[in-house]
Number of protein chains: 2
Amino acid sequence: MRSLKQIRSFVAVFEEGSFTAAAQREGATQSGISQHIRHLEESLGAELLVRDGRGVTPTVHGERYYGECVAILRRLDLAEAEIGRASALGGEVRIGLMPTFTRAVLAPTLDRFIAVAPTVDMRVTEAYSGVLTDLVRKGELDFAVVPGFQGAVGLSTTLLIRDREMLVASRNRLGQHLTPICLKDMDPLKIVVPGPQNTRRRNIETYCASHGVAIERRLQLDAMMGTLDFVASSEWVAILPGVMMVNDLDGARFDIRPLDQPALYSDFVLIEPTRRVLSPAAALFASMLRETTEQTITIRQARMREA
Amino acid sequence: MRSLKQIRSFVAVFEEGSFTAAAQREGATQSGISQHIRHLEESLGAELLVRDGRGVTPTVHGERYYGECVAILRRLDLAEAEIGRASALGGEVRIGLMPTFTRAVLAPTLDRFIAVAPTVDMRVTEAYSGVLTDLVRKGELDFAVVPGFQGAVGLSTTLLIRDREMLVASRNRLGQHLTPICLKDMDPLKIVVPGPQNTRRRNIETYCASHGVAIERRLQLDAMMGTLDFVASSEWVAILPGVMMVNDLDGARFDIRPLDQPALYSDFVLIEPTRRVLSPAAALFASMLRETTEQTITIRQARMREA
DNA sequence: GACCCTCTATCAAAAAAATTAATATCGGAA
DNA sequence: TTCCGATATTAATTTTTTTGATAGAGGGTC
C-alpha cells in the first residue's frame, strides 16, 4: 500500500517545490508524481501539500512527514552501504567542484585517490555553485564543494576548509609577493570580479564596501581561466581564494598577497543530499580532498613566513 | 528497484526463520516471498540467508541488514503515526492478555479506557504466553502482556509490572489470611501447577527446588478458571500472582498468603513487534493497564498491613 | 538406500500496479 | 479577459507483482 516510490516522489516534490521539477529529477512524468502524491495523501488521510497556481507549499503535516521520509531514505541508503559496498571501494564517484578547486588541488588529490581506489569510476564536474547545488539536489552528484552558504532544503552541509582570500596581480605589479596587504591604502582598484549570481562576488563587494576599499573599475568575468590569464597580462587585479593559487607561489607569473586589516576568509563546504549517505569511495575522496587542501594551505603559510 | 515489500518480506523471513511461515504472516505465497528475497539479494549483491532443508539461517550480512530494515519499518510506522493517527485516538486496538490479567485488572481498565476513547474498536485475546508471543510477532496483536522472559527475535520488551506470588488455598485452610508464609515450614504440598510449557511453571519449580519446599502431589491444570474453582473446593493449593487475586482479598472464598523467606516475584512484560510503533490508543491502553495494576497492588499492600 | 516429508526454487500465466501521453482544469498575472 | 504555467484526470500501455503448479534439495526414518 505504502511504497518507496511514493516516498521518494514526495521528498522530491517537497525539495523541488514543484511536481514538474520533481518528475524531472526522478526521471518520471508529472502525471506519475501527481498520482503517487495523491495515493500517499489518501492512504495517510491527510493533506501533505497545498497546490496553488505557482507550485506547491507543504502543510504542517507535510513538513513533519518530510522529515521522517528523509530519515527513512537515508537509513535505507545506509543499510545498503553497510553490506554491498561496505568493503568494496568500487563503483562510481561523481563529484562537483568549483574552478577554485579544480585549478590546483584536484590533480594531486586524483593522483592519490586513483592509486588507492583503482576500480572506482570517477567523474568530476566543474561548475559554479548554483549549478553544482542543483546537481547535488537532483542526485546527479554524490557531493560537491561550494562556497559556504545558508543551506538549502534537502542538502546537508559540512565545512570542508576555510581559506584566506588573496589579491592577485601580474608579476611585479604589487611587489612584496606573499606579504599581507591592506586594500584601503591602495590606489583605486581595477578589479576583475565574477557575476552577481556568484557567492564570492557578494563576499568581495561586502568586504570592499565595509572596509573603505576604493574601486576604479569593475570587469565582470565568469571564466576563471580567463580571469587568471587576463590578470597575468594586464594591470587589472582579482581577489581569489588562496587555495587555487598554490602553483603560483613562486612568483613567476603573479604577485599574490593575502588581504589584511582585516583578513578575508572564505568557507568552502561539502554539500550532499540529506536523503543519501556517502559511499565509502566518495567519503574517501572527500577526506583526501580536504587533506590535500590543508597541505596546500600549510605550504603557503610556510612560504609566507619566509617572505 | 528496492521496495518496501521486499524489505517486509525479508524481515518476516528473518523473524519467522522460514519462507513458508513468512508467506503466511504476510498474507502472500511462498513463491512470492522467495522471489522478493532473491531480488533483494541480487540488487544488494550479497547473500542474506542461507537455505537448508529445515528453513533458513541469516548470514552476517543478513543480520546486519535485518537490523537496518527493522529500524526503517519502525520509522515508517512512526511517520504515519505522527500525522494520521496523532490526535485521533481512534481505530482499532488489539491486545493479548494472560488469564492472570483478564481475571481482575482487565475489567476496571476497560471501564476507564472506553470512557476516554469511545470510538476505539477494542479486541482482547486471552491466551497463554506462547500463543500471545506468536500473535504479536505475526502482527495480529498490537501488544501483549506475558511473563518476563528472555526476548525473541523481532519483539521488543518493556517491563510492565513486578508482582508478588501468593499461596492460594480454600477458605480457612491456611489461616492468617494475607500474612506472609514460608513454604519450607509447611507440610508437603498438594499443588496445582500449569503445564511445563508455561513460563510460570518453571519459576515455581525452581523456587520450590531451591528453597526446600516439599511437594506431596502435583496436579497439572492449564485452565486458570478451573484451577481457582478446584482450589476453592478442595484441599489443594496453588501459587498464583497476587494481581489476579485482588477481588478475593476479603477472604470469603480463599486464603491468600504471600510467599516469604524468600518472597517470590514475577515480572510481567509488554511485548510488541519491534518493527512497529504503538498507536496512541494502544499506548494509552497499555499505560492504563499498568496504572490499574499498580493500584491493585497498592490496595493489597494496604490490606496486608491491616492483617 | 528407498521413501517420505518439508522446505525452497523456478516458471509461465494471470492479476495488479505503475507509467505514460494526451487532455482537462485551475489559479494568478498582465 | 486571456494567457501562461502549473497540477489533475483519464484511458491505454507497459511493467511488475503475484500466483498456482511443479520441480528439486535436504533431512529424517525405517
Side-chain angles (χ1 to χ4, degrees), chain A residues 1-59 61-62 65-66 69 73 76 134 138-139 153, chain B residues 1-59 61-62 65-66 69 73 76 134 137-138 153:
Chain A
M1 175 110 135
R2 190 73 31 83
S3 83
L4 285 180
K5 284 235 177 67
Q6 287 172 1
I7 288 176
R8 275 192 247 271
S9 299
F10 173 62
V11 166
V13 171
F14 187 101
E15 291 177 357
E16 304 291 333
S18 140
F19 281 50
T20 313
Q24 267 187 275
R25 157 167 149 185
E26 296 293 299
T29 58
Q30 175 266 324
S31 168
I33 298 290
S34 173
Q35 293 179 66
H36 277 313
I37 302 297
R38 179 153 57 87
H39 290 146
L40 191 58
E41 289 181 323
E42 273 169 10
S43 89
L44 288 171
E47 241 194 5
L48 297 174
L49 301 162
V50 179
R51 288 82 155 164
D52 64 23
R54 331 279 298 134
V56 297
T57 324
T59 63
H61 281 155
Y65 197 63
Y66 168 75
C69 287
L73 293 183
L76 206 61
D134 280 351
K138 289 202 200 318
V153 177
Chain B
M1 173 112 133
R2 189 73 32 81
S3 83
L4 284 180
K5 286 237 176 67
Q6 287 172 1
I7 288 177
R8 274 193 246 271
S9 299
F10 173 63
V11 166
V13 171
F14 187 102
E15 291 177 357
E16 303 291 333
S18 140
F19 281 50
T20 313
Q24 268 187 274
R25 157 167 149 185
E26 296 293 300
T29 58
Q30 174 267 322
S31 168
I33 298 289
S34 173
Q35 294 178 64
H36 276 314
I37 302 296
R38 179 152 58 85
H39 290 145
L40 191 58
E41 289 181 323
E42 274 169 11
S43 90
L44 289 171
E47 243 194 4
L48 296 174
L49 301 162
V50 178
R51 288 81 157 164
D52 65 24
R54 326 284 294 136
V56 298
T57 324
T59 63
H61 281 156
Y65 197 63
Y66 167 76
C69 288
L73 293 182
L76 206 59
D134 280 350
R137 207 180 46 213
K138 289 204 201 315
V153 177

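Naming convention: chains lettered A, B, ... in sequence-line order (proteins, then strands); numbering from 1 in each chain.
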S.K.: For A:L40 and D:dA8, give me the distance from atom CG to atom P, rounded to whole Å.
M.R.: 13 Å

S.K.: Could you state the CG-P distance from B:L4 to C:dA18, rounded to the nearest angstrom?
M.R.: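 It is 12 Å, rounded to the nearest whole Å.
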
S.K.: Heavy-atom contacts under 4.0 Å between residues 31-39 of chain A and DNA chain C, which residues?
M.R.: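 DNA chain C contact set from residues 31-39 of chain A: A:S31, A:G32, A:Q35, A:H36.
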
S.K.: Using atom CZ of A:R8 as one end and atom C1' of C:dA18 as the other, report the distance to the nearest whole Å.
M.R.: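 Result: 15 Å.
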
S.K.: Mind listing the side-chain donor-acceptor pairs of residues 36-46 of chain B below 3.5 Å, one per line with the distance, residues two or more places apart or on another chain?
M.R.:
residue	atom	partner	partner atom	Å
B:H39	ND1	B:Q35	O	3.2
B:E41	OE1	B:R51	NH1	3.2
B:E41	OE1	B:R51	NH2	3.2
B:E41	OE2	B:L48	N	2.8
B:E41	OE2	B:L49	N	3.2
B:E41	OE2	B:R51	NH1	3.1
B:S43	OG	B:R2	NE	3.3
B:S43	OG	B:R2	NH2	2.9
B:S43	OG	B:L40	O	3.4

S.K.: Would you give the length of the straight line joining atom OH of B:Y65 to atom OG1 of B:T59, rounded to the nearest 0.5 angstrom?
M.R.: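 Atom-to-atom, B:Y65:OH and B:T59:OG1 are 12.0 Å apart.
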
S.K.: Taking B:S34 for its side chain and B:Q30 for its backbone only, find out whether a donor-acceptor pair lies under 3.5 Å.
M.R.: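 A pair under 3.5 Å: no.
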
S.K.: Is there a side-chain contact between B:K5 and the phosphate of D:dT18, meaning an N or O under 4.0 Å from OP1 or OP2?
M.R.: yes

S.K.: Can you tell me how far C1' of D:dA8 sits from CD of A:E42, to the nearest Å?
M.R.: 12 Å

S.K.: Could you state the CD-P distance from A:Q24 to D:dT7, rounded to the nearest angstrom?
M.R.: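 Those two atoms, CD and P, are 11 Å apart.
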
S.K.: For A:E16, is there an ion pair with A:R25 - N to carboxylate O distance below 4.0 angstrom?
M.R.: yes

S.K.: Looking only at side-chain atoms of B:T29, point me to the closest of C:dT20, C:dA18, D:dG20.
M.R.: D:dG20

S.K.: Within this structure, what is the NZ-CD distance for the pair A:K138 and A:Q24, rounded to the nearest 0.5 Å?
M.R.: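 So the NZ of A:K138 and the CD of A:Q24 are separated by 6.0 Å.
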
S.K.: Any chance you could measure A:I7, atom CD1, to B:L76, atom CG, to the nearest 0.5 Å?
M.R.: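 Those atoms lie 4.5 Å apart.
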
S.K.: Looking at every non-hydrogen atom in both residues, tell me the closest pair between B:C69 and B:F10 and how far apart they are.
M.R.: SG-CD2, 4.0 Å

S.K.: I need the minimum non-hydrogen distance between A:S9 and A:I33, along with the two atoms involved.
M.R.: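 Between these two residues, the closest heavy atoms are OG-CD1, 3.8 Å.
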
S.K.: Round to the nearest Å and state the distance from B:E26 atom CD to D:dT18 atom P.
M.R.: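 To the nearest whole Å, that distance equals 11 Å.
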
S.K.: What integer distance in Å separates A:E47:CD from D:dA8:C1'?
M.R.: 14 Å

S.K.: Can you classify the ring geometry of B:Y66 versus B:F14 as parallel (below 30°), tilted (30 to 60°) or perpendicular (above 60°)?
M.R.: parallel

S.K.: Summarise protein proximity over nucleotides 23-30 of chain C in one line of letters, 5' to 3': B for base, S for sugar-phosphate only, - for none, counting protein heavy atoms closer than 4.0 Å.
M.R.: ----S---

